[in-house]
Amino acid sequence: MLQVKRIREEKKAIIRGLRKRNWTSEQIKILDEILHTDDERRRLQKQLDDLLAENKRLSAQIGQLMAQGKREEAEQLKSKVTAQKEDVRQLEERFEEVKNRLESLLYTVPNCPHRSVPAGRGAEDNKIVRDWKKPFPALPHDALAHWDLAKKYDLFDFELGVKLTGAGFPVYRGKGAKLQRALIQFFLEENIKAGYEEILPPHLVNEDTARGTGQLPDKEGQMYVCERDGLYLIPTAEVPVTNLLRDAIVSESELPICYTAYTPCFRREAGAWGAHVRGLNRVHQFDKVEIVRIEHPQRSYKALLEMVRHVQRLLNKLELPYRIVLLCGGDMGFTSAKTFDFEVWSGAQQRWLEVSSVSNFETFQSYRLQLRYRDAEGKIHLTHTLNGSALALPRIVAALLENNQTPEGIRIPKVLHKYTGFKMIS
RNA sequence: GGAGAGGUGCCGGAGUGGUCGAUCGGGCUUGACUCGAAAUCAAGUGUACCCUUGCGGGUACCGUGGGUUCGAAUCCCACCCUCUCCGCCA
């Protein structure tokens with residue numbers, strides 16, 4: 001969430017940013033409402049603090065009078081303080097109410113896009129910053145989509161998933177299962193080599209954690225909930241991993257802090273279903289390896305590029321055709337200041353599939369998380385947080401199967417051989 | 001799940017109704033001593049929010065949330081968590 005202080009000081013820049021997210025003048029008025037509400041909040045806090053200070057002083061006096069045995073004077077003061085208690089109660093109530101109102105207003109404002117982010121309506125306005133220049137893999141015109149390849153080679157089974165759980169919960173089997181495990185292992189090893197510490201977090205988180213990274217209060221509909229225990233199934237490893245440092249103050253020299261984690265991801269995805277979300281294109285449970293960075297504000301955009309280059313290397317090693325897309329304001333996630341998407345070419349479906357999203361959240365998450373660092377002078381500042389998929393498995397698998405199909409079987413990229421133990425699926 | 005003990009600052013550990021944001025020890029920072037270091041000595045060392053141009057000042061926070069009281073880390077209630085023992089169990 002944005003800091004009120006920032007809205008007050010950089011209002012013009014924030015309006016420019018929100019315009020890129022297609023905010024109307026009507027919507028932008030909420031900024032003024034926030035500022036007014038904050039003025040009121042500060043006014044009430046001053047009043048309340050003063051009143052509490054007065055009562056505190058009187059109470060201390062009562063203590064002294066009692067010690068001196070001056071009972072009557074003490075009793076007099078007591079009745080005075082008692083009389084003020086109702087004022088305190090009322091002020092407290094109003095203060096709480098205004099504070100809550102301010103918070104819920106702030107929750108409705110998305111992150112301010114970085115100045116380099118283009119304006120735009122939706123996906124059609126995204127900027128392709130790196131296109132695939134080489135030819136796509138040559139496939140026969142009767143090439144199979146991955147869901148047909150899965151049947152042919154017995155790699156995963158959606159009907160069985162329906163039997164066990166419901167639609168969108170694939171059962172991987174045989175070489176299909178092993179391929180999953182190989183990819184996870186490959187990604188983790190590459191990330192560790194690049195300096196990320198491996199984390200294996202819980203797959204269920206509590207409300208505070210879900211709030212920390214911004215899944216709550218907004219997007220509870222996208223998560224699976226265990227109501228009885230007040231827990232949420234994680235939609236991404238970003239949630240538990242970024243929360244590791246919630247309420248922490250790290251020293252400047254510890255930055256950057258780099259984590260990587262493999263977890264299953266659970267998404268209810270209320271969105272539309274149809275032909276283009278067949279097979280592994282969109283599922284309720286999938287595997288993903290995530291990278292998370294806690295960065296110094298001055299270095300976060302450099303870090304973002306480093307993460308982009310790292311994901312690029314992974315895709316190169318997997319020999320998959322890909323392109324990098326800079327998301328426009330209208331297509332960017334609520335919490336992000338700047339996002340690059342990675343899309344791989346799916347040969348049989350003849351379309352691009354999103355396999356990674358790398359974002360800088362600046363202080364949008366760290367403010368809520370209270371994730372700060374202490375500089376050399378002892379001053380405390382918010383860190384920047386970033387994360388990216390490195391990588392999400394299902395669509396990688398889809399592209400891999402489709403692009404590498406041959407009459408003899410499906411060719412496994414060389415880098416995976418030592419993890420799969422086989423070079424072909426046949 | 002049952003019984004007991006307990007949750008206090010970076011750590012250890014006091015505090016059982018008043019001047020306690022919190023004794024003390026360790027750690028850390030700065031200064032003195034030293035060629036330098038160790039040892040020693042001295043001072044400092046929480047966070048959030050608010051007021052203030054600045055100096056500085058105020059409020060809240062002792063697991064969480066309520067309550068009692070003029071006043072709560074301290075008393076009462078509920079919940080959460082940790083440890084020990086028993087039971088169950090991958």
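This is a predicted model, so every value here is computed, not measured. In what follows, chains carry the letters A, B, and so on, assigned in the order in which the sequence lines appear, proteins first and then strands, with residues in each chain numbered from 1.
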Inset, instruction - Just name whichever nucleotide pairs with B:U74, Watson-Crick or G-U, keeping both distances under 3.5 Å, else none. - result: none
Legend entry - Side chain to side chain, A:Leu386 and A:Ser300, heavy atoms closer than 4.5 Å: yes
Legend entry - Rounded P spacing from B:U8 to B:C75 in Å: 16 Å
Legend entry - Salt-bridge criterion met for A:Glu159 and A:Lys163 (N-O under 4.0 Å): no
Inset, instruction - To the nearest Å, give me how far apart CD (A:Glu377) and C1' (B:U30) are. - result: 15 Å
Inset, instruction - Both distances under 3.5 Å, Watson-Crick or G-U wobble: report the partner of B:G46, or none. - result: B:C61
Inset, instruction - Provide, to the nearest angstrom, the distance between the CG atom belonging to A:Leu231 and the C1' atom belonging to B:C80. - result: 12 Å
Legend entry - Pair partner, B:G6 [Watson-Crick or wobble, under 3.5 Å]: B:C81
Legend entry - Integer angstrom distance from the C1' of B:C89 to that of B:G4: 23 Å
Inset, instruction - Could you tell me the separation between the OH atom of A:Tyr232 and the CD atom of A:Gln222, rounded to the nearest 0.5 Å? - result: 13.0 Å
Inset, instruction - Let me have a per-nucleotide readout for nucleotides 48-71 of chain B, 5' to 3', with B, S or -, counting only protein heavy atoms under 4.0 Å. - result: SBSS------BSS---------BS
Legend entry - Span that lies between the C1' atom of B:C11 and that of B:G2, in whole angstrom: 34 Å
Inset, instruction - In whole angstrom, give the distance that lies between atom CD of A:Gln68 and atom P of B:G18. - result: 16 Å
Inset, instruction - Go through the structure and list residues passing side-chain contact (heavy atoms from CB on, under 4.5 Å) with A:Thr335, not counting sequence neighbours. - result: A:Phe361, A:Phe364
Legend entry - Mate of B:G31 where both pairing distances stay under 3.5 Å, Watson-Crick or G-U: B:C41
Legend entry - C1' gap between B:C10 and B:G17, integer Å: 30 Å
Legend entry - Candidate list A:His381, A:His296, A:Lys379, A:Arg374, test side-chain hydrogen bond (donor to acceptor under 3.5 Å, both in side chains), partner A:Glu252, passing option: A:His296
Inset, instruction - Both distances under 3.5 Å, Watson-Crick or G-U wobble: report the partner of B:U16, or none. - result: none
Legend entry - Span that lies between the P atom of B:C33 and that of B:A72, in whole angstrom: 49 Å
Legend entry - Side-chain ion pair, A:Arg6 and A:Glu9, N-O less than 4.0 Å: no
Inset, instruction - Considering only atom P, compute the distance from B:C24 to B:A5 and round it to an integer number of Å. - result: 31 Å
Inset, instruction - Decide, yes or no, whether a salt bridge links A:Lys302 with A:Glu306 under the criterion of side-chain N to carboxylate O below 4.0 Å. - result: yes
Legend entry - Span that lies between the C1' atom of B:U23 and that of B:G13, in whole angstrom: 10 Å
Legend entry - Spacing of the P atoms in B:C76 and B:C28 (rounded, Å): 40 Å
Legend entry - Whole-Å gap separating P (B:C79) and CD (A:Glu207): 19 Å
